[in-house]
Colleague: 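This is the structure I have questions about; it appears just below.
When a ligand or atom number is given, it counts from 1 through the structure's own listing order. For this chain, numbers begin at 1 and follow the sequence in order. Note: hydrogens, waters and symmetry copies are ignored here, and every other heavy atom, side chains too, is used.
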Amino acid sequence: MEEAMVAGGAERLRVVTIDGPSGVGKSTVSRKVAAALGWTYLDTGAMYRAVGVQCRKEGISLEDAAALAALLARLDIRLLPPLHESDDVRVMANGEDISAAVRSPEAGMMASQVSALPAVRAKLTALQQAMGRAGEIVAEGRDTGTVVFPAAAWKFYLDAPPEERCRRRVGQLRAKGQAVPDEAAILAQIIERDRNDRERTIAPLRMAADAVLIDASNMTADEVAARMLAVVRQAS
Ligand code: DC
């Protein structure tokens, strides 16, 4: 197969996966790695955020399985390249640009909730696998190395303690000119999302057995990306 390579005797997809908890810097690093390789960046979290935003917009309760199934059946999610290199991917839902809405903290919490639902995971996992079938993808999320692309050739798990992730998040918000009166609330939200993402039954956040662990605490995004690229290039 053209899209596969052979590593350790098993056929491996030319895919890089980058998993880890919220706020650890996965998106920035994934964009840098994808740009350096000339591959496509697949932001799987944006897809869960899109489902959360649409549920809220249509007033669908997450307990209403039939309404949720109907929403999923008619939901067409597309990810488009950002207009500027350092921006997030653009997200279209049923032809409407919901890029701004998906990036709010509320959308992150909604995403964390809908992502525990089997019907949502089934639909989005299948979509992501279709997007990665041809290879040359840098996929970022919580389960890209464990569930979506278990045969990926290069897997990374990026980690940092919640307090460090909170510090970075507050710094980002302040850099955008936003006041952050309640840092404790941000830390509490990070800890709650960690718990949701790690304790759900299907596809919980965990490190794949064959992933490379990188502690991002004392590293810049450029340093993390450089370390990943060294691993990818060494084994290409
Ligand atoms: O990476 P993010 O903050 O955009 O992700 C938002 C939420 O989506 C996250 O709290 C959990 C969920 N998610 C997931 O369950 N599986 C993924 N592969 C990506 C995100």
Colleague: Does at least one non-hydrogen atom of Arg200 fall below 4.0 angstrom from an atom of ligand 1?
Modeller: yes

Colleague: When only distance counts, is Thr44 in polar contact with ligand 1, meaning an N/O pair under 3.5 Å?
Modeller: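 Between Thr44 and ligand 1, an N or O pair is found under 3.5 Å apart.
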
Colleague: Indicate whether any N or O donor in one side chain lies under 3.5 Å from an N or O acceptor in the other, for Asp222 and Thr220.
Modeller: no

Colleague: What part of Arg142, side chain, backbone, both or neither, has a heavy atom within less than 4.0 angstrom of ligand 1?
Modeller: both

Colleague: Looking only at protein heavy atoms, which one is nearest to atom 20 (C) of ligand 1, and how far off is it?
Modeller: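 Sorting protein heavy atoms by distance from atom 20 (C) of ligand 1 puts Gly45 CA, 3.6 Å first.
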
Colleague: Other residues, nucleotides and ligands only: do more than 12 of their heavy atoms fall within 6.0 Å of CZ on Arg227?
Modeller: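 No.
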
Colleague: Just checking, is any N or O donor in the side chain of Ser22 or Arg193 under 3.5 Å from an acceptor N or O on the other one?
Modeller: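 Ser22 vs Arg193: donor-acceptor pair found between side chains.
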
Colleague: Of all the atoms in ligand 1, which lie at a distance below 4.0 Å from a heavy atom belonging to Arg49?
Modeller: 2 (P), 3 (O), 4 (O), 6 (C)

Colleague: In terms of heavy-atom contacts, does CG of Asp76 have more than 12 from other residues, nucleotides or ligands at under 6.0 Å?
Modeller: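 More than 12 heavy atoms, drawn from other residues, nucleotides or ligands, come within 6.0 Å of this atom.
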
Colleague: Give yes if a backbone or side-chain nitrogen or oxygen of Asp143 is under 3.5 Å from a nitrogen or oxygen of ligand 1, and no if not.
Modeller: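 In this structure, Asp143 places an N or O atom under 3.5 Å from an N or O of ligand 1.
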
Colleague: Any N or O of Thr144 that comes nearer than 3.5 Å to an N or O of ligand 1?
Modeller: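 No: no nitrogen or oxygen of Thr144 is under 3.5 Å from one in ligand 1.
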
Colleague: To the nearest 0.1 Å, how far is atom 8 (O) of ligand 1 from its closest protein heavy atom, and which atom is that?
Modeller: Tyr48 CB, 3.5 Å

Colleague: For Pro105 versus Gln189, what's the shortest heavy-atom pair and its separation?
Modeller: CB-OE1, 4.0 Å

Colleague: I'd like to know if Met109 contacts ligand 1, where contact means a heavy-atom distance under 4.0 Å to any ligand atom.
Modeller: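 Distance cut 4.0 Å: Met109 fails for ligand 1.
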
Colleague: Which of the numbered atoms in ligand 1 are under 4.0 angstrom from any heavy atom belonging to Gly141?
Modeller: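 Under 4.0 Å from Gly141, ligand 1 has these atoms: 18 (N), 19 (C).
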
Colleague: What is the nearest protein non-hydrogen atom to atom 7 (C) of ligand 1, stated with its residue, atom name and distance?
Modeller: Ala111 CB, 3.5 Å

Colleague: Under 3.5 Å, is there a donor-acceptor pair between the Glu140 and Ser27 side chains?
Modeller: yes

Colleague: Scan side-chain atoms only and decide if Asp19 and Thr146 contain a donor-acceptor pair under the 3.5 Å cut-off.
Modeller: no

Colleague: How far is atom 6 (C) of ligand 1 from its nearest protein heavy atom, and which residue and atom name does that atom have?
Modeller: Arg193 NH2, 3.4 Å

Colleague: Does any N or O atom in Asp197 lie less than 3.5 angstrom from one in ligand 1, N or O only?
Modeller: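 For ligand 1, there is an N or O atom that lies under 3.5 Å from one belonging to Asp197.
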
Colleague: Within the structure, does Arg121 bring an N/O atom to less than 3.5 angstrom of an N/O atom in ligand 1?
Modeller: yes

Colleague: Please name the pair of heavy atoms, one in Lys123 and one in Leu72, separated by the smallest distance, quoted to 0.1 Å.
Modeller: NZ-O, 2.6 Å

Colleague: More than 12 foreign heavy atoms under 6.0 Å from CZ of Arg78: is that the case here?
Modeller: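 Result for CZ/Arg78: open.
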
